[in-house]
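Following: one structure in structure tokens, then a few remarks.
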Amino acid sequence: MRFDLKNDALRKLNQYLHENPEKQVAVRNPAGRHNIAVGIDADIDVDIHGHVGYYCAGMNQNSRVTIHGNAGPAVAENIMSGCVRVHGNASQYAGASGHGGTLIIDGDASSRCGISMKGIDIVVAGSVGHMSAFMAQKGHMVICGDAGDFLGDSIYEAIIYVRGKLGELGADCVEKELTPIHREKLASLLMLAGLDHSVEGFRRFGSARDLYHFDIDHAGKY
Amino acid sequence: MCGIVGIYHKNSDLNRSLGSNLASMLIELSDRGPDSAGVAIYRDSVAESQIKLSLHSSANIDWHGLGNALSAHLDGPVSVEIKASHALLVAPKTEGSVKQWLADYDKNIRTMSAGTSIEIFKEKGLPREFVEQFELTNLSGTHALGHTRMATESAVTTEHSHPFSTGMDLCLVHNGSLSNHNRLRRQLADDGIDFQTDNDSEVAAGYLMWRLREGDTLQTALEQAIEDLDGFYTLAIGTHDGFAVLRDPIACKPAVIAETDDWVAMASEFRAIAHLPGVEHATIWEPEPATVYSWGG
């Protein structure tokens, strides 16, 4: 099934995707529009040819959405399962609050990537901006390029892997040992994204768990 | 939330399409700012001995009568072009203050801009209505800024709409909110910068004017603005022959820049740029926080 958003209404596309869609759906001329392919719950492939605006593929379940272009703010926000791939760059809040599934960004991600992630796996082939993985609770973030300042600020139990340079780490985010279990998970995520980096080039970061509960001895860190 | 746009031509063959491109960008960002819309267009530079003024009045004004009176006062020709609630005047440049003469002539008159090439038009209402009212699609020029406003901190009036200009050919559009604007306004007013409203964005424009007056280049003025402006902002700035973009260090207000061999465009969202001719060949990026981007002048 093909949609051309130059002529087809966006609501028509999203309604189609919510009601027993065909296995393959192609979307042309997205022209930076918001809310393209949100709320899908079906085992289908959606290919979007061009740049998208806010919230593309938000709340996704089971489907594989590929954006052949750049993504605006909050791509794959609150994703539950399935896979969203951005062939270009992604703007702020990519994968925000994602509960599950995978987000792969072939370019760079902007600030606040993976903010409050709750189980999503995010692989960024390029770099991420400041405040990425802020309050990240669960899931994995693989950063093949550099990480901006305050990575993992107030992080809970998400795991971050970084290959490039680091800015200033966020509060309560510390480097941890890359154990065999972590190497295995990292290798599987790199393979999933089609990236052939050696796991040896990565460092692991996670929570120091000093800020879970208020403690007067840690008041200066909040 | 507000929408801001800017377009700067590197290739003068495109100048005739400036108004129509600007109009489509503004209309695309209507839902970011349905309260009011405004533009600053740089075009038709006047001679060095002249000054171009954009005037507005919410009351009925006999603009041609005003032109004749100003002509007599300055002892030289004054041309008048009426555009909806605004009038464009080209008058001989004078040592004295034309602005003060205008205020004395009728207290309802507001000087929206003064310079050699800048023209500012702004009005309450939806961008589409604004575009039609001011026949924006017919205007040509070298570069332009635009704004669609969703008011958050001061009244919805024509005066509170963007762009704001506080100095010759300088103007600014702002998406965000400044938290130290009252203190800055007082300091700048003490230094002789003239403000027309209590709007926070006008303070940012006044601040840049002050820095430029003190000898800064636009680049260094904007670098210092990162230190002195407190709050959230994506700014687009226009000068006689230049165009600049700046985001605050937190950078939560969106911005996209696209550049081709022929033009540079910025907007709050890509959808405003998506329909510009040649966009398929553009380099597109999100400006970094606390980094000055500038072209021309």
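Nothing here was measured: the structure is a model prediction, and the numbers come from that model. Letters go in sequence order (proteins before strands), and every chain restarts at 1.
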Does B/Lys122 count as lying over the ring of B/Phe164, i.e. NZ or CZ under 6.0 Å from the six-ring centre, within 45 degrees of the axis?
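Judged by the rule (NZ or CZ under 6.0 Å from the ring centre, within 45° of its axis), B/Lys122 counts as positioned above B/Phe164.
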Are [X] and [Y] near enough that their ring centres are under 6.0 Å apart?
| X | Y | answer |
| --- | --- | --- |
| A/His130 | A/Phe150 | no |
| B/Phe270 | A/His51 | yes |
| A/Phe202 | A/Tyr161 | no |

Looking at chain B, which one of A/Ser110, A/Gly107, A/Gly148, A/Gly72 has the largest number of heavy-atom pairs inside 4.5 Å, strictly under?
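With the most close heavy-atom pairs to chain B, the winner is A/Ser110.
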Counting only heavy atoms closer than 4.5 Å, note whether B/Ile273 contacts chain A via side chain, backbone, both or neither.
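Neither part; nothing is under 4.5 Å.
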Given a strict heavy-atom distance threshold of 4.5 Å, which part of B/Pro289 is in contact with chain A: side chain, backbone, both, or neither?
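Side chain only.
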Among B/Ala272, B/Pro249, B/Cys252, which has the most heavy-atom pairs under 4.5 Å with chain A?
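Going by pairs under 4.5 Å, I would pick B/Cys252.
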